[in-house]
Structure formats: C-alpha cells, structure tokens
Amino acid sequence: MPEKIDRNLSLELVRVTEAAAMAAARLMGRGDKEAADGAAVQAMRIALSSVGMDGTVVIGEGEKDQAPMLYIGEKIGTGEPPKVDIAVDPIDGTRLLAGGLPNAISVVALAEEGSLYDSPGIFYMNKIAVGPAAKGKIDLNQSVEWNIKSVAQAKKMDINELTVVILERPRHEQLIREVREAGARIKLITDGDVAGSIMTALEGTGVDMLMGIGGSPEAVISACALKCIGGDMQCRLYPRDDAEKQNAAKMGADLNKLFTINDLAKGENIFVSLTGITNGELVDGVKYHENGLETHSLVMRSKSGTVRDVRARHRLDKLMAFSEIEFMRHHS
C-alpha cells in the first residue's frame, strides 16, 4: 500500500514552479535553450529539496549520465514521509522561451509512490486529450473524424466551432488533413504539449481537444493535471524507428496497448503546480517591476478537484538575501 499523502502538498509545490519560472524568465528571447533550461532545473531542484517529503524523480531530465540534476531516480525532498513520485518539466517549451514565444510554463506533478507510468525507452506517444465535458467520449481506436464528432456532440458544439490543438510537425500532415476534412478548427503549436493538453480542460482558452504525437513524459504530466481538473486522455506508445521498436520488445512493452488516463496516473492523490514563464492561454508569464516580479500559477489537487489560481508578487531584494537561487544576474 502506498503511503497516504495527508496534507495538501500542492501549495508547497507552487514555490517550486515559481522559482523555476523566475530563474528561467530572465533568459526569455535570448535564444539560448541550454542556459534557460539549466537555470530552471537548478532553481527547481533547490526549491524541491526543502519540501517535506521523501521523493523520487520518476520523470525528469533524463538518465543520470546525461542529466546532473533532476535525473530519473534522484531522491529529492527532506526525506521525511510521505514517499512520493515526482514528475518534473522545468520548462515545457524551451524553444518557446528561447524565442520569446507564448505558452512556456514550468510544471511539476507529485503522486503516491508507484502511481506514475514510466515509459520503457520509448519517448513518444500518440495522444488525445479533452476536458471534463468530453470525458469518456474519446477513443484512440476510432478515426480522427469519429473523435471530433463525439467531442463536438458532448460539448454541444458544431464541428466547425471545435478547436483541436496539434504540434506543428511533419509527422502530423496526415492528422491535420483529417481534422480539416472533418471540418474542425486547428490551433498549431510549435512546442509545449503539456500546456496544450491542459488548455483543453480549462474554460476560456478556446481549445477543445489535443491530438497527435508528443513526448511520453509530457503525456504523464498532462494526465496528472487532467485528472485533477476532471478531463480525459488516451495514449499509445509510438516508436519512431526500428531501434525503439526492438527496445520496446526487449522491455516487454505492448505497442498496441491503449493507455487510459488512469494507466498514466493511477494515484488518487495527485498534486500539480504550473507557473507561466511567457504569457499564454493558460497563465500569464513572469512580469518584471522596478523592485521585483510577478508570477501567475495554477495549483491543483485531484482528491478535492480544487484548482487554485495563484498570483504572487516577489521582492528580489528580499529573495536574494536568503535564497541560493539566482533570480537575477549580478552585474560586476
């Protein structure tokens, strides 16, 4: 039995994504993905280390040999109970941030130990994600047109009013054609499909469903958030080449298996925090003022279904006095 998480950890997590977002935001539009990612990872790790938990990173920056921090298997937190799984994406949309484009966010999800799906060496999944109104109305075994009709019906919308968010990639030419033939609207995004998935579930974003092939780690983080909001998701592993197919066979992965939202995130007590780095449909980005900055975050918990909208003002002079995180560059 996994340990019960009996306190609301989501409000402790908001400090974590705020820290990562503030550390990365100063590199907005500077064209340096590595520097931005490095700043966010370091800030997130420092902030996570002070959270009262015995955490293991299950979705992180990669294997230990490639990632010095927040690598898969890294122990994080103060070491006291509860034992939890942590999924981190210090920047969902590094390219967006480097180019000063909308919808870069920092996100972290946490659940009971052993409850988050860990994809075996296959880095991509074919996904479909929707909000609460269309829960139970999607099926990856059916056609694109069938799914669009089903979601439109569930949302009491005409098909030509429905908006599908899709990653702009050559591999999606066929999907885009099918969505257009079905008569739905399309919003193409260059990156950031965690934000894309969550948009489907929140009112006011103008997005109704996400379709297409994106990262497996992002699928799990998206599932955590959608579970908190009451949305739905289905995925299937998508090996990109023969090497990944062989790898999957070796690991005993079933390429035909249809993953439901509960296969990806099976805990009943999931916490998610996300903070905007650049402005977007989900949250506003980090804004700078004369003596500080402003952040906008969404904090959610699956058990209660609560989604909190958190706007915070941070004073740099105070933060810099005690924090190890570099929120600003020191000019010499």
Side-chain angles (χ1 to χ4, degrees), residues 92-93 95-96 101-105 107 124-216 218-238 240 258-261 263-264 274 278-283 298 307:
D92 175 47
R95 246 196 310 202
L96 300 175
L101 297 163
N103 286 316
I105 60 171
V107 59
Y124 284 82
M125 279 181 152
N126 191 8
K127 344 177 176 178
I128 178 165
V130 290
K135 188 176 172 62
K137 305 293 183 195
I138 52 172
D139 186 353
L140 257 186
N141 290 326
Q142 300 281 356
S143 67
V144 168
E145 185 182 21
W146 183 94
N147 277 290
I148 286 172
K149 279 184 174 160
S150 178
V151 172
Q153 210 173 350
K155 296 192 81 169
K156 299 182 171 56
M157 294 169 78
D158 283 337
I159 287 176
N160 60 13
E161 297 167 345
L162 200 81
T163 303
V164 183
V165 72
I166 302 173
L167 273 171
E168 192 172 1
R169 297 287 184 274
R171 63 174 178 261
H172 286 147
E173 279 172 15
Q174 174 69 20
L175 170 63
I176 289 168
R177 200 175 309 126
E178 288 180 37
V179 174
R180 285 175 179 158
E181 279 165 10
R185 293 161 22 109
I186 294 175
K187 176 184 170 68
L188 289 174
I189 55 173
T190 55
D191 294 276
D193 73 342
V194 174
S197 298
I198 300 171
M199 277 179 214
T200 65
L202 291 174
E203 284 167 35
T205 62
V207 169
D208 302 292
M209 58 196 298
L210 169 130
M211 296 179 98
I213 294 150
S216 308
E218 287 82 354
V220 177
I221 293 175
S222 302
C224 288
L226 288 169
K227 212 164 163 177
C228 291
I229 309 168
D232 203 1
M233 187 168 192
Q234 287 189 355
C235 299
R236 189 176 273 118
L237 291 168
Y238 178 82
R240 288 171 298 175
L258 183 78
F259 288 87
T260 65
I261 192 164
D263 293 323
L264 297 168
L274 67 93
T278 59
N279 278 334
E281 280 92 339
L282 273 185
V283 277
L298 293 177
V307 178

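Not measured: the values here are computed from a predicted model. Keep in mind that the numbers below use all heavy atoms, side chains included, and drop hydrogens, waters and symmetry copies.
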Go through the steps to decide whether Lys187 and Glu281 satisfy the test side chain to side chain contact (heavy atoms under 4.5 Å, CB included), and finish with yes or no. CA-CA 12 Å; Lys187 176 184 170 68; Glu281 280 92 339; 2.7 Å; yes
Could you check whether any side-chain N or O of [X] sits under 3.5 Å from a backbone N or O of [Y], counting only pairs where one atom can act as donor and the other as acceptor?
{"X": "Asp208", "Y": "Thr163", "answer": "yes"}
{"X": "Arg169", "Y": "Thr190", "answer": "yes"}
{"X": "Asp139", "Y": "Asn141", "answer": "yes"}

Can you confirm whether more than 12 heavy atoms, excluding those of [X], are under 6.0 Å from its [atom1] atom?
{"X": "Gln153", "atom1": "CD", "value": "no"}
{"X": "Glu203", "atom1": "CD", "value": "no"}
{"X": "Lys135", "atom1": "NZ", "value": "yes"}
{"X": "Lys155", "atom1": "NZ", "value": "yes"}

Rounded at 0.5 Å granularity, tell me how far [atom1] in [X] sits from [atom2] in [Y].
{"X": "Phe259", "Y": "Leu264", "atom1": "CZ", "atom2": "CG", "value": "7.0 Å"}
{"X": "Leu237", "Y": "Leu258", "atom1": "CG", "atom2": "CG", "value": "10.5 Å"}
{"X": "Asp92", "Y": "Leu274", "atom1": "CG", "atom2": "CG", "value": "9.0 Å"}
{"X": "Ile229", "Y": "Leu202", "atom1": "CD1", "atom2": "CG", "value": "4.0 Å"}
{"X": "Leu101", "Y": "Arg95", "atom1": "CG", "atom2": "CZ", "value": "10.0 Å"}
{"X": "Asn147", "Y": "Lys137", "atom1": "CG", "atom2": "NZ", "value": "12.5 Å"}

Would you mind telling me which of Ile166, Val165, Val194, Leu167 makes a side chain to side chain contact (heavy atoms under 4.5 Å, CB included) with Leu210? Val165
Side chain to side chain contact (heavy atoms under 4.5 Å, CB included) with Met211: which of Leu140, Ile128, Ile186, Thr200? Ile128
So, for [X] and [Y], which heavy atoms are closest and what is the spacing to 0.1 Å?
{"X": "Tyr238", "Y": "Asn126", "answer": "CB-N, 4.0 Å"}
{"X": "Ile159", "Y": "Ala152", "answer": "CG1-CB, 3.9 Å"}
{"X": "Tyr124", "Y": "Gly215", "answer": "CD2-N, 4.1 Å"}
{"X": "Ala133", "Y": "Ala154", "answer": "O-CB, 3.5 Å"}
{"X": "Leu226", "Y": "Val130", "answer": "CD2-O, 3.8 Å"}
{"X": "Asp191", "Y": "Gly93", "answer": "CB-CA, 4.2 Å"}

Run the numbers on Asp193 and Lys127 for side chain to side chain contact (heavy atoms under 4.5 Å, CB included), then give the verdict. CA-CA 10 Å; Asp193 73 342; Lys127 344 177 176 178; 2.7 Å; yes
If you look only at pairs with a residue in residues 222-235, which of them pass as a side-chain hydrogen bond (donor to acceptor under 3.5 Å, both in side chains), with sequence neighbours excluded? Ser197-Ser222, Lys227-Asn262
Going by heavy atoms in the side chains, are [X] and [Y] under 4.5 Å from each other?
{"X": "Gln174", "Y": "Glu178", "result": "yes"}
{"X": "His172", "Y": "Leu188", "result": "no"}
{"X": "Ile213", "Y": "Arg240", "result": "no"}

Given salt bridge (Lys or Arg N to Asp or Glu O under 4.0 Å), test Arg177 with Glu181 step by step and report yes or no. CA-CA 6 Å; Arg177 200 175 309 126; Glu181 279 165 10; 5.5 Å; no
For Ala104, give me all partners under side chain to side chain contact (heavy atoms under 4.5 Å, CB included), at least two apart in sequence or on another chain. Leu96, Leu97, Ile277, Thr278
We want to know whether Asp263 and Thr260 form a side-chain donor-acceptor pair, criterion being a heavy-atom distance below 3.5 angstrom. yes
